[in-house]
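For reference, the structure discussed in these notes is given below.
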Amino acid sequence: MSKMKYDVVVVGGRIAGSVSSLFASRGGADVLMIEKRQEIGTPVQCAEGTTPATFETLEMKPSKRFVASKIDGADVHAPDGRKFQIAGENSKGYILERKIFDKDLAVESAKSGTDIMMKTTVKDLIIRDGKVCGVVAEHMGKSVEIEADLVIAADGVESRVAKMAGLNTTKLPGDICSCAQYEVVGLNTPPNWLKFYFGEEIAPGGYAWIFPKGKHRANVGLGIRGSNKTAYSYLQKFMSQFSATPVELKVGGVPLSGVVSKTFTDGLMVVGDAAGQVDPITGGGIHLAAACGRMAGEVAAEAVEVGDSSSKFLKKYEDIWSEKIGGNLETSLKYRRILDKLTDKDINIIVEFLETQDFEAISKLAALKFMGKHPNLLKVLKEIL
């Protein structure tokens, strides 16, 4: 078995992993990022939408290389066909070409000094006296032992690496949103406008979406929870109303149960989907993966500099992300649990109200007056109002 030594080993080469590697390397750490696939960025398992905050975190400008379209707003469709519009500064965003964006992040990380190993799978952790001290991996059919001061687990939903370290990343079936998506050509949809569709017949426990990727090209997908049918079967039914040609099918799972109970231990931090750092309402995780990846990378570099990768020191990572985004994630989780109680009839009633309102200027009084006419709905939404 061959042996290697690094300050930091990052497991996973998607956004959370590449950003962690990038900022750890910029901070002076000797970093290795390992990725199980042969190419970073594929397959895409994402609707590819993100907010301007992603680029603010990365201190980079959106590039035409990896931005398929700029978004100005969205239509939200109720089960009965009603819709309301969301627009304004808080609705602006981008649809990315993740295949290009993810690889560009890895390239930037490599330019900053990160070494990268493809086709490399973690088989075990090196643990001494209860502390993670590296990984045992398989690279191109050969075993390699990689010593490290600390490991960053960015290996996706239900992280195996975090579990090996004794952290609980288990998700209940209802906590995972099963998603299926086509990239299609020939769809006539506004190039700067998102569309969301709700309803038990469309996407039980979730929603369907249309995300434009330039002229006559779009991601059409949906996420579901709590159904005996597959997300793919619902996608087929949803797609039947459109005249468009699929050129790519993407499937995957998104964790919606909030952040795992602990995102660090001696010698290890967990980031991105692996840590459950995903918005529980929208399922969006790109901006959160970038933000938490940067936090993890910067704490990793500091840990290496001071020579302390103990649990006591790495708690700093959890303290930082909790302060910056923890409150928003807790609020989103609370709202998601409330939304889970809504029936199609409830959603129709809400959209009936919203379609006549300026979404960003709705007063609490107006909302209460409307909900006062629907006492059953008011009981469900009282925590929001």
Side-chain angles (χ1 to χ4, degrees), residues 4-41 57-58 101-127 131-139 144-157 159-165 167 169 263-275 277 285-286 288-305 309 314 316-318 320-321:
M4 306 169 73
K5 174 70 174 78
Y6 283 86
D7 294 333
V8 180
V9 171
V10 178
V11 183
R14 295 303 181 100
I15 291 174
S18 285
V19 175
S20 297
S21 300
L22 172 63
F23 283 94
S25 291
R26 284 183 180 175
D30 185 20
V31 182
L32 172 68
M33 182 171 73
I34 61 178
E35 166 58 42
K36 65 182 179 181
R37 296 185 173 88
Q38 64 189 31
E39 182 180 11
I40 288 174
T57 295
L58 298 174
F101 182 66
D102 287 25
K103 188 175 288 187
D104 273 17
L105 286 178
V107 168
E108 287 303 311
S109 184
K111 287 179 179 178
S112 296
T114 299
D115 288 341
I116 301 174
M117 289 175 63
M118 310 302 298
K119 295 285 285 183
T120 305
T121 304
V122 172
K123 296 298 183 181
D124 203 354
L125 294 179
I126 302 169
I127 299 178
K131 180 183 183 297
V132 176
C133 299
V135 302
V136 177
E138 184 177 290
H139 173 65
V144 56
E145 189 175 281
I146 308 168
E147 297 264 353
D149 293 331
L150 66 93
V151 173
I152 297 177
D155 53 334
V157 182
S159 168
R160 290 181 63 251
V161 172
K163 284 182 179 178
M164 291 176 189
L167 296 177
T169 59
T263 58
F264 68 96
T265 188
D266 285 307
L268 181 135
M269 293 181 284
V270 193
V271 68
D273 281 7
Q277 291 161 338
I286 293 177
L288 295 170
C292 295
R294 176 169 181 169
M295 296 173 210
E298 290 176 340
V299 170
E302 189 177 345
V304 170
E305 184 178 2
S309 56
L314 297 183
K316 181 176 185 177
Y317 160 64
E318 185 159 300
I320 294 171
W321 73 249

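The structure displayed is predicted, hence computed values, not measured ones. All residue numbers in this chain count up from 1 along the given sequence.
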*Before giving the answer on side chain to side chain contact (heavy atoms under 4.5 Å, CB included), spell out for D102 and I15 the whole-Å C-alpha distance, their side-chain angles and the decisive distance to 0.1 Å.*
CA-CA 6 Å; D102 287 25; I15 291 174; 3.5 Å; yes
*Kindly write out the residues that satisfy salt bridge (charged side-chain N to carboxylate O under 4.0 Å, His left out) with E305, not counting sequence neighbours, or none if the list is empty.*
none
*Excluding sequence neighbours, so at least two apart, what forms side chain to side chain contact (heavy atoms under 4.5 Å, CB included) with T263?*
V259, V260, A275, Y317, E318, W321
*asked:* Which residues pass the salt bridge (charged side-chain N to carboxylate O under 4.0 Å, His left out) test with E39, not counting sequence neighbours?
replied: K103
Contacts table for residues 116-123: side-chain donor-acceptor under 3.5 angstrom, sequence neighbours left out:
unit_1 : atom_1 : unit_2 : atom_2 : d
T120   : OG1    : M118   : O      : 2.8
T120   : OG1    : H139   : ND1    : 2.9

_Holding to side chain to side chain donor-acceptor pair (under 3.5 Å), I want the full list of residues that pass it with S309, two or more places apart in sequence or in another chain._
K131
*Pairing residues for D266 by the salt bridge (charged side-chain N to carboxylate O under 4.0 Å, His left out) criterion, not counting sequence neighbours*: none
_Once side chain to side chain donor-acceptor pair (under 3.5 Å) is applied, do any residues pair with R294, and if so which ones, sequence neighbours excluded?_
E59, E298
*asked:* According to salt bridge (charged side-chain N to carboxylate O under 4.0 Å, His left out), who are the partners of D273, at least two apart in sequence or on a separate chain?
replied: none
_Pairing residues for K316 by the side chain to side chain donor-acceptor pair (under 3.5 Å) criterion, not counting sequence neighbours_ = E302
*Residues that D115 engages under side chain to side chain donor-acceptor pair (under 3.5 Å), provided they are two or more places apart*: Y6
_Under the side chain to side chain contact (heavy atoms under 4.5 Å, CB included) test, residues paired with A162 that sit two or more places apart_ = S159, L167, T169, V270
*So, S109 versus S18: side-chain donor-acceptor pair below 3.5 Å or not?*
no
